[in-house]
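Down below is the structure, laid out as structure tokens.
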Protein chains: 2
Amino acid sequence: MDAVFRALADPTRRQLLDNLHARNGQTLNALCAEMDMTRQAVTKHLAILEEANLVTTLRKGREKEHYLNPVPINEIAERWIGKFERHRLDALSDLKKRLERED
Amino acid sequence: MDAVFRALADPTRRQLLDNLHARNGQTLNALCAEMDMTRQAVTKHLAILEEANLVTTLRKGREKEHYLNPVPINEIAERWIGKFERHRLDALSDLKKRLERED
DNA sequence: TTGACATGCAACCAAATGGTTGCATATTAA
DNA sequence: TTAATATGCAACCATTTGGTTGCATGTCAA
């Protein structure tokens, strides 16, 4: 969970997820082609995404294919965001009332 | 959006959100009491949460009350996570098929 | 088998991050 | 008015982060 949040914090890594979402199973070189940095930098980002289980890889000869794994993101939506979202309206109305009371 | 992800990346800040979720409208000192670090460190974290619009503050004399704002989290759920979640089952079955094909 | 290509590993570096301490300011209460 | 309390601001520091370069390894194809 912690690793997922940390992984999602970086815009480059979110872009990598976007790229994989657009075309799944891309090789490292293919992903690098769309990124404005060295291959090694992209490798590090992908390692962090893999660590967070957001990306799954599949060795294919000398190539490595990368697949988006939506499960951890789904878990955030269900477990963590849901907690706040559940009380969203309550919290908003509480805040509104409180602010109005202060005027 | 970027600021929200960055803000959520830190466990201390998620704990602050948890604390506010448990009891909304806490003052800085109240929040500090539950955190194992200096007041100034907590202040910085709260500033980042405010910057990300995850926390709203209300000056009350010499005190400052902090309120959880669930809207940005809700936006993540709707805009960003939804995008991947929508194709969750597809992606999973794709991956499964692919892995089976490789065996 | 050998050259080209895809990826892996490690050292290194600048900048950002998360924390500290010290002092300043503003408000409440005696 | 003055002491205590609540917060703000700034300098400073260690570690992490995001990037680089250089070289090693493994696989495909001629």
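Each chain gets a letter, A, B and so on, in the order the sequences are listed, and its residues count up from 1.
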- Within less than 4.0 Å of OP1 or OP2 of C/dA6, is there a side-chain N or O belonging to A/T27? no
- Ignoring hydrogens and angles, tell me if any N or O in the side chain of A/N19 forms a donor-acceptor pair with the backbone of A/E34 under 3.5 Å. no
- Task: Rounded off to whole Å, could you give me the CD-to-C1' distance for the B/E63 and D/dT5 pair?
- Result: 9 Å
- Protein-nucleotide distance (A/K64, atom NZ; D/dT27, atom C1'), rounded to Å: 15 Å
- Item | Rounded distance in Å - CG (B/L28) to P (C/dT27) | 16 Å
- Message: When you measure from the side chain of B/R14 to the backbone of B/A9, do you find a donor-acceptor pair of N or O atoms at a distance under 3.5 Å?
- Response: yes
- Item | Least distance between heavy atoms, B/V4 atom then B/P72 atom | CG2-CB, 3.8 Å
- Spell out yes or no: do the side chain of A/R62 and the base of C/dT7 have one donor N/O and one acceptor N/O closer than 3.5 Å? no
- Distance (rounded to the nearest 0.5 Å) between B/D18 CG and B/R13 CZ: 13.5 Å
- Query: In residues 33-52 of chain B, which ones come under 4.0 Å of DNA chain C, going by heavy atoms?
  - Reply: B/M37, B/T38, B/Q40, B/A41, B/K44, B/H45
- Where each residue is assigned the nucleotide of DNA chain C containing its nearest heavy atom, which of B/D10 and A/H66 is assigned the position nearer the 5′ end? A/H66
- Atom CG of B/N29 and atom C1' of D/dG8 are separated, to the nearest Å, by 13 Å
- Task: Determine yes or no for a side-chain-to-main-chain donor-acceptor pair under 3.5 angstrom, with B/D2 supplying the side chain and A/P11 the backbone.
- Result: no
- Is there a donor-acceptor contact under 3.5 Å from the side chain of B/N69 to the main chain of B/T56? no
- Item | Gap separating the OG1 atom of B/T27 from the CD atom of B/E63, nearest 0.5 angstrom | 4.5 Å
- Message: Once rounded to the nearest 0.5 Å, what's the spacing between atom CG of A/L28 and atom CD of A/Q40?
- Response: 9.0 Å
- How is the base pairing of DNA chain D summarised as a dot-bracket string, given the Watson-Crick and G-U wobble criteria with both distances under 3.5 Å, [ ] for crossing and | for another strand? ||||||||||||||||||||||||||||||
- Please state how far atom CG in B/L58 lies from atom P in D/dT7, giving the value in whole angstrom units. 12 Å
- A/Q26 CD to C/dT7 P: how many Å, rounded? 11 Å
- Message: To the nearest 0.5 Å, what is the distance between CE on A/M35 and CD on A/Q15?
- Response: 4.0 Å
- Item | Separation of D/dA6 P from B/R59 CZ (nearest whole Å) | 12 Å
- Message: What is the separation between atom CG on B/L8 and atom P on C/dG18, rounded to the nearest whole Å?
- Response: 13 Å
